[in-house]
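Note that the coordinates shown come from a computational prediction; the quantities given were computed from them, not determined experimentally.
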Amino acid sequence: AAAIVFFLISGLALSAGIGGGGLYVPLLMVMLGFPVHEATAVSQACLAGGASSALIYNLRQRHPQGHKPMIDYDLVLIMGPNLLLGAMA
């Protein structure tokens, strides 16, 4: 039962674009009895899996107007390093 609920919540969260970390941790703690630090770690692994699958999907998509890729690589080059610096600070 927990796997079905987890799958449904994951699908809804990822389709809404919110990732689902705030939903995974309580679900893991309440339904599966995980301690907080383990639930957080498993949640991060689930988020990494969801982000990886979204990246693979979006790499294949094209922008609706024109023949550009869906991902704006110029923006990635600007934001990526700054996000990494902010995460390490």
Side-chain angles (χ1 to χ4, degrees):
I4 294 170
V5 173
F6 202 85
F7 180 77
L8 291 174
I9 287 176
S10 298
L12 290 173
L14 290 172
S15 66
I18 62 170
L23 302 172
Y24 294 151
V25 174
L27 178 67
L28 289 166
M29 290 172 56
V30 172
M31 292 190 75
L32 299 176
F34 279 64
V36 175
H37 65 280
E38 289 180 15
T40 304
V42 172
S43 171
Q44 292 295 318
C46 293
L47 290 172
S52 299
S53 63
L55 174 65
I56 291 169
Y57 175 78
N58 285 324
L59 283 173
R60 299 174 50 200
Q61 299 300 312
R62 307 304 294 172
H63 193 275
Q65 299 170 347
H67 299 288
K68 303 184 300 186
M70 183 65 80
I71 298 173
D72 186 352
Y73 293 107
D74 292 333
L75 185 61
V76 170
L77 289 173
I78 293 169
M79 290 187 65
N82 292 318
L83 287 169
L84 289 173
L85 287 172
M88 291 189 292

Among residues two or more places apart or on two chains, list those pairs meeting side-chain hydrogen bond (donor to acceptor under 3.5 Å, both in side chains) that have a residue in residues 76-89. none
Tell me the side-chain hydrogen bond (donor to acceptor under 3.5 Å, both in side chains) pairs involving residues 21-37, sequence neighbours left out? S10-Y24
Shortest non-hydrogen pair, A13 vs G20, comes out as CB-CA, 3.6 Å
Search all heavy atoms of M70 against all heavy atoms of N58 and return the closest pair with its distance. CB-O, 4.0 Å
CD1 of I4: more than 12 outside heavy atoms within 6.0 angstrom? no
Does Y73 have more than 12 heavy atoms from other residues, nucleotides or ligands lying within 6.0 Å of its OH? yes
Donor-acceptor contacts, no H, no angles, side chain residues 38-52, under 3.5 Å, sequence neighbours left out:
{"from": "T40", "atom 1": "OG1", "to": "V36", "atom 2": "O", "distance (Å)": "2.8"}
{"from": "S52", "atom 1": "OG", "to": "A48", "atom 2": "O", "distance (Å)": "2.8"}

Set of residues satisfying side chain to side chain contact (heavy atoms under 4.5 Å, CB included) with respect to L32, sequence neighbours excluded: A2, L28, F34
Taking only residues two or more places apart in sequence or in another chain, which ones pass side chain to side chain contact (heavy atoms under 4.5 Å, CB included) with L77? none
Report yes or no: do [X] and [Y] belong to one cluster of Ile/Leu/Val/Met/Phe/Trp/Tyr joined by side chain heavy-atom distances under 4.5 Å?
{"X": "L55", "Y": "V76", "result": "yes"}
{"X": "I18", "Y": "L83", "result": "no"}
{"X": "V25", "Y": "M31", "result": "no"}

Show which side-chain atoms of residues 60-67 pair as donor or acceptor with protein atoms under 3.5 Å away, not counting sequence neighbours.
{"from": "R62", "atom 1": "NH2", "to": "H67", "atom 2": "O", "distance (Å)": "2.5"}
{"from": "H63", "atom 1": "ND1", "to": "Q65", "atom 2": "N", "distance (Å)": "3.0"}
{"from": "H63", "atom 1": "ND1", "to": "Q65", "atom 2": "O", "distance (Å)": "3.1"}

Starting at CG of L23, measure out to CG of L12 and round the result to the nearest 0.5 Å. 9.0 Å
